[in-house]
Student: 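Below you will find the structure I want to go over with you.
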Amino acid sequence: MLIRVPKGTQDILPEDISKWYYIEDIIKEILNKYGYKEIRTPFFEYTDLFVRGIGESTDIVTKEMFTFPDRKGRSLTLRPEGTAPVVRAYLENSMGRISKVIKLFYIGPMFRCEKPQAGRFRQFNQFGIEIIGTKSPAADAEVIITALDVYKKLGLKNLEILINSVGCKKCRFDYIQKLKKYLKDKKELLCSDCKMRYEKNPLRVFDCKKDGCQKIIEKAPLITENLCQECESHFAQVKSYLDDQKIVFHEDPRLVRGFDYYTKTAFEIISGELGAQNAIAGGGRYDDLVEELGGKPTPAVGFAAGIERMIIAIDQQKVKWPEEKGLDIFVAKVDEKNKDSAFKLLQKIRNAGLSADMDYSEGSLKSQMRIANKLRVRYTVIVGEEELSKNMVILRNMQTKEQKEIKIDNIINEL
RNA sequence: GUGGGCGUAGCUCAGACUGGUUAGAGCCCUGGAUUGUGGCUCCAGAGGUCGGGGGUUCAAAUCCCCUCGCUCACCCCA
């Protein structure tokens with residue numbers, strides 16, 4: 001049996017790598033335009049960072065982390081998300097001293113030990129941004145706008161923006177009490193999952209797809225109707241900034257995200273091109289996380305976006321990827337006797353800054369021409385006995401099929 | 001973790017219901033068609049433990065059981 005890639009992982013093959021370069025370039029271009037600086041954190045962290053950051057009772061922490069001990073028995077975890085590590089790095093490097101507000105972005109692999117399905121992998125790539133140090137609702141709006149700008153540049157359509165406010169510590173606590181009170185006498189009618197949710201995280205009952213639970217939750221009090229004044233005003237301002245930018249969004253009072261650290265704004269961008277896993281980006285405000293991880297109280301907001309899902313959506317839309325450009329030059333030898341001259345010429349061309357290659361195996365000229373064709377080179381330089389004796393080679397234009405003899409010394413100028 | 005679908009050549013698939021000679025096609029790959037020249041066409045060739053194991057049978061890709069893998073969905077999320 002051949003060894004395969006681990007479940008939920010995949011190879012990105014040379015034929016697909018240009019898609020990744022293309023997307024990564026656009027992401028970096030847009031994020032730089034908005035003033036974000038890249039940060040690269042390790043692929044693994046001490047487990048406690050995620051337990052404290054994401055929340056002990058969340059699905060990610062309870063059943064989806066790749067956790068392993070190092071040789072001294074300390075528990076490490078492959079990062080399942082990017083925000084907690086960025087906040088850790090922010091604190092560890094005292095980045096708050098550089099400026100009051102700091103804008104960071106990351107791009108790279110995340111790991112979650114889930115059962116794979118369409119658009120869900122165990123190792124997947126995200127890019128994300130974090131604005132740390134401001135509670136301004138403009139920052140919330142900017143984060144959403146930034147994501148949309150990336151998608152726009154990539155030609156992604158059929159996107160929907162869902163937005164909600166989950167309140168702050170105070171009003172959410174009050175609201176959960178209220179919700180529990182509402183659900184209390186109806187508890188027996190809930191499905192078994194929701195009974196559990198009632199205890200652990202009653203907000204999640206809103207997410208339940210079962211008709212019975214939906215009926216019960218339909219008339220439940222909504223978080224958006226129970227926000228404190230500050231949260232309500234913040235939410236209103238975020239929406240107003242989005243309206244100013246003519247961004248169409250849907251308020252979804254049932255939107256609850258899977259990380260405990262969110263406060264106030266929570267949002268998701270979903271794509272109609274995806275399967276059941278249709279979220280292409282998700283994020284929100286996390287005003288308490290920095291403090292929970294040992295820093296001074298520092299408000300922050302950000303999002304994470306899935307790159308594989310972007311690729312799937314782009315493929316689905318049949319948006320054309322930019323064409324991969326071939327090599328400039330292929331050097332072909334008529335006979336094995338000419339291989340040394342051909343190799344010297346090849347290096348001369350490369351040293352002049354052009355991309356070039358040759359075939360080192362003992363193929364016929366015909367087979368070399370086929371290779372040149374497949375590489376989609378602009379010119380093929382043919383090195384043959386007859387011409388070499390005159391210090392010349394043949395230069396063939398692969399598009400026009402025109403070819404001429406040129407002096408070897410002039411080759412760089414000719415190209 | 002729980003379900004459904006599917007595993008035949010590198011890729012996309014036929015053959016399976018109605019077991020029966022060397023398991024097929026297209027694409028891809030290699031070589032050739034005036035031996036110093038590509039893309040098109042034509043010709044030839046390479047490539048398969050029919051996912052794996054066991055069973056039924058004179059005979060299994062085909063029927064039965066087990067197992068592994070992939071995939072989609074639930075859950076949750078990017």
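All chains are named by letter (A, B, ...) in the order of the sequence lines, taking the proteins before the strands, and each is independently numbered beginning at 1. Scope of the values below: all heavy atoms of this structure, side chains included, with no hydrogens, waters or symmetry mates. These numbers come from a predicted model, not from an experiment.
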Student: Rounded to whole angstrom units, what separation is found between the CG atom of A:Asn278 and the C1' atom of B:C74?
Tutor: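 Taking atom C1' of B:C74 as the reference, CG of A:Asn278 is at 14 Å.
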
Student: Could you measure between the two C1' atoms, the one in B:G53 and the one in B:G7, and give it in whole Å?
Tutor: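 Taking atom C1' in both B:G53 and B:G7, they lie 16 Å apart.
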
Student: Could you check which nucleotide pairs with B:G69 in any of the strands shown, counting Watson-Crick or G-U wobble with both distances under 3.5 Å?
Tutor: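 Across all strands, the one nucleotide that pairs with B:G69 is B:C6.
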
Student: Determine whether a donor-acceptor pair (N or O, by modelled atom type, separation under 3.5 Å) exists between the side chain of A:Glu81 and the backbone of A:Thr83.
Tutor: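 Side chain of A:Glu81 to backbone of A:Thr83: a pair is present.
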
Student: How close or far is atom C1' of B:A78 from atom CG of A:Asp59, stated in whole angstroms?
Tutor: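 Rounding to the nearest Å, CG of A:Asp59 and C1' of B:A78 are 15 Å apart.
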
Student: Which part of the nucleic acid does A:Arg112 contact within heavy-atom distance under 4.0 Å: base, sugar-phosphate only, or nothing?
Tutor: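 Since a base atom lies under 4.0 Å of A:Arg112, the category is base.
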
Student: May I ask you to verify whether the side chain of A:Arg120 and the base of B:C76 hold a donor-acceptor pair under 3.5 Å?
Tutor: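 Indeed, a donor on one side and an acceptor on the other fall under 3.5 Å apart.
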
Student: Scan A:Phe127 against the nucleic acid and name what it touches under 4.0 Å (heavy atoms): base, sugar-phosphate only, or nothing.
Tutor: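 Since no nucleic acid heavy atom lies under 4.0 Å of A:Phe127, the category is nothing.
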
Student: Closest-nucleotide mapping onto RNA chain B: is A:Lys63 or A:Gly306 further toward the 5' terminus? I mean the 5' end.
Tutor: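 By nearest-heavy-atom nucleotide position, the 5'-most residue is A:Lys63.
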
Student: Output the single nucleotide from B:C70, B:C75, B:A78 whose closest atom is nearest the side chain of A:Lys7.
Tutor: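 Output: B:C70.
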
Student: Using the C1' atom as the reference point in each nucleotide, state the distance between B:U71 and B:G26 in Å, no decimals.
Tutor: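 That atom pair is separated by 24 Å.
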
Student: Distance between the C1' atoms of B:C50 and B:G69, in whole angstroms?
Tutor: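 Per the computed distance, 16 Å lies between those C1' atoms.
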
Student: Map A:Gly283 and A:Val5 onto RNA chain B by nearest heavy atom, then report which one ends up closer to the 5' terminus.
Tutor: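 That would be A:Val5.
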
Student: Between B:C28 and B:A61, how far apart are the P atoms? Round to whole Å, please.
Tutor: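 Result for the P pair: 30 Å, nearest Å.
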
Student: Applying side chain to side chain donor-acceptor pair (under 3.5 Å), can you list everything that pairs with A:Ser75, at least two apart in sequence or on another chain?
Tutor: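 Result, side chain to side chain donor-acceptor pair (under 3.5 Å) vs A:Ser75: A:Thr47.
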
Student: Using atom types as modelled and distance alone, determine if a side-chain donor or acceptor of A:Asp16 lies under 3.5 Å from a backbone N or O of A:Ile12.
Tutor: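 Judged by distance alone, no pair lies under 3.5 Å.
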
Student: When the ring planes of A:Phe43 and A:Phe111 are compared, do they come out parallel, tilted or perpendicular, using 30° and 60° as the limits?
Tutor: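 Plane angle between 30° and 60°, so tilted.
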
Student: I'd like the P distance from B:G20 over to B:A59, given in whole Å.
Tutor: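 Result for the P pair: 15 Å, nearest Å.
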
Student: Applying ring-ring contact (aromatic ring centres under 6.0 Å, His included) between A:Phe303 and each of A:Tyr151, A:Tyr286, A:Phe127, report the one that passes.
Tutor: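 Exactly one option meets the ring-ring contact (aromatic ring centres under 6.0 Å, His included) with A:Phe303, and it is A:Phe127.
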
Student: Could you let me know what B:A16 is paired to, Watson-Crick or G-U wobble, both distances under 3.5 Å, or none if it's on its own?
Tutor: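 Checking every strand shown, B:A16 finds no partner, since no pair has both distances under 3.5 Å.
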
Student: Scan nucleotides 31-39 of chain B nucleotide by nucleotide, 5' to 3', and note B when protein non-hydrogen atoms come under 4.0 Å of the base, S if they reach only the sugar-phosphate, - if neither.
Tutor: SBB--BBBB

Student: In the structure shown, which nucleotide is the Watson-Crick or G-U wobble counterpart of B:U22, with both distances under 3.5 Å?
Tutor: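 Pair assignment: B:U22 / none.
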
Student: Closer than 3.5 angstrom, by distance alone: can the side chain of A:Arg79 be matched with the main-chain N or O of A:Pro109 as a donor-acceptor pair?
Tutor: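 A pair under 3.5 Å: yes.
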
Student: Rounded to whole angstroms, how far apart are OH on A:Tyr151 and P on B:A78?
Tutor: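 After rounding, the gap between these two atoms is 11 Å.
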
Student: Expressed in angstrom and rounded to an integer, what is the separation of A:Gln368 atom CD from B:U30 atom P?
Tutor: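 So the two atoms are 13 Å apart, to the nearest Å.
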
Student: Return the value, rounded to whole Å, for the distance between atom CG of A:Asp11 and atom P of B:G10.
Tutor: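 Roughly 17 Å, once rounded to whole Å.
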
Student: Find the distance A:Glu160:CD to B:A78:C1' and express it as a whole number of Å.
Tutor: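 From A:Glu160 CD to B:A78 C1': 17 Å.
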
Student: With a 3.5 Å cut-off and just heavy-atom distances, do the side chain of A:Gln277 and the base of B:C76 make a donor-acceptor pair?
Tutor: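 Per atom types, the contact qualifies.
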
Student: Using a cut-off of 4.0 Å on non-hydrogen atoms, how would the nucleic acid contact of A:Gly119 be classed: base, sugar-phosphate, or nothing?
Tutor: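 Result for A:Gly119 = base.
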
Student: Any cation-pi pair here, A:Lys239 with A:Phe235, using under 6.0 Å and within 45°?
Tutor: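 Pair A:Lys239/A:Phe235 counts as cation-pi.
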
Student: Using the C1' atom on both, measure B:C29 against B:U34 and round to a whole Å.
Tutor: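 After rounding to an integer number of Å, I get 26 Å for this pair.
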
Student: For the pair A:Arg40 and A:Glu38, find out whether any cationic side-chain nitrogen is under 4.0 Å from an anionic carboxylate oxygen.
Tutor: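 Looking at A:Arg40 and A:Glu38, the cut-off is met.
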
Student: Please give, in whole Å, the distance from B:A78 P to A:Gln123 CD?
Tutor: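 Computing the A:Gln123:CD to B:A78:P distance gives 17 Å.
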
Student: What is the distance, rounded to the nearest whole Å, between atom CD1 of A:Ile311 and atom P of B:A78?
Tutor: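 Roughly 18 Å, once rounded to whole Å.
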
Student: At a cut-off of 3.5 Å, list every protein nitrogen or oxygen paired with a nitrogen or oxygen from nucleotides 2-8 of chain B, distance to 0.1 Å.
Tutor:
unit_1: B:U2; atom_1: O4; unit_2: A:Lys115; atom_2: NZ; d: 2.9

Student: Taking the P atom of each, how far is B:C40 from B:G36, in whole Å?
Tutor: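 Their P atoms lie roughly 23 Å apart.
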
Student: Between A:Asp328 and A:Leu415, does the side-chain contact (heavy atoms from CB on, under 4.5 Å) criterion hold? Intermediate values first, please.
Tutor: CA-CA 9 Å; A:Asp328 297 321; A:Leu415 302 172; over 6 Å; no

Student: Taking atom P in both B:G10 and B:A16, what distance in whole Å separates the two?
Tutor: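 Nearest-Å result for B:G10 against B:A16 at atom P: 23 Å.
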
Student: Which class fits the ring pair A:Phe259 and A:Tyr262: parallel under 30°, tilted 30 to 60°, perpendicular over 60°?
Tutor: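 Ring orientation of A:Phe259 relative to A:Tyr262: parallel.
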
Student: Check this for me: does any side-chain nitrogen of one of A:Lys264 and A:Asp140 sit under 4.0 Å from a carboxylate oxygen of the other?
Tutor: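 Salt bridge flag = no for A:Asp140 with A:Lys264.
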
Student: Classify the side chain of A:Gln117 and the base of B:C75 as holding, or not holding, a donor-acceptor pair under 3.5 Å.
Tutor: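 A donor-acceptor contact between them is present.
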
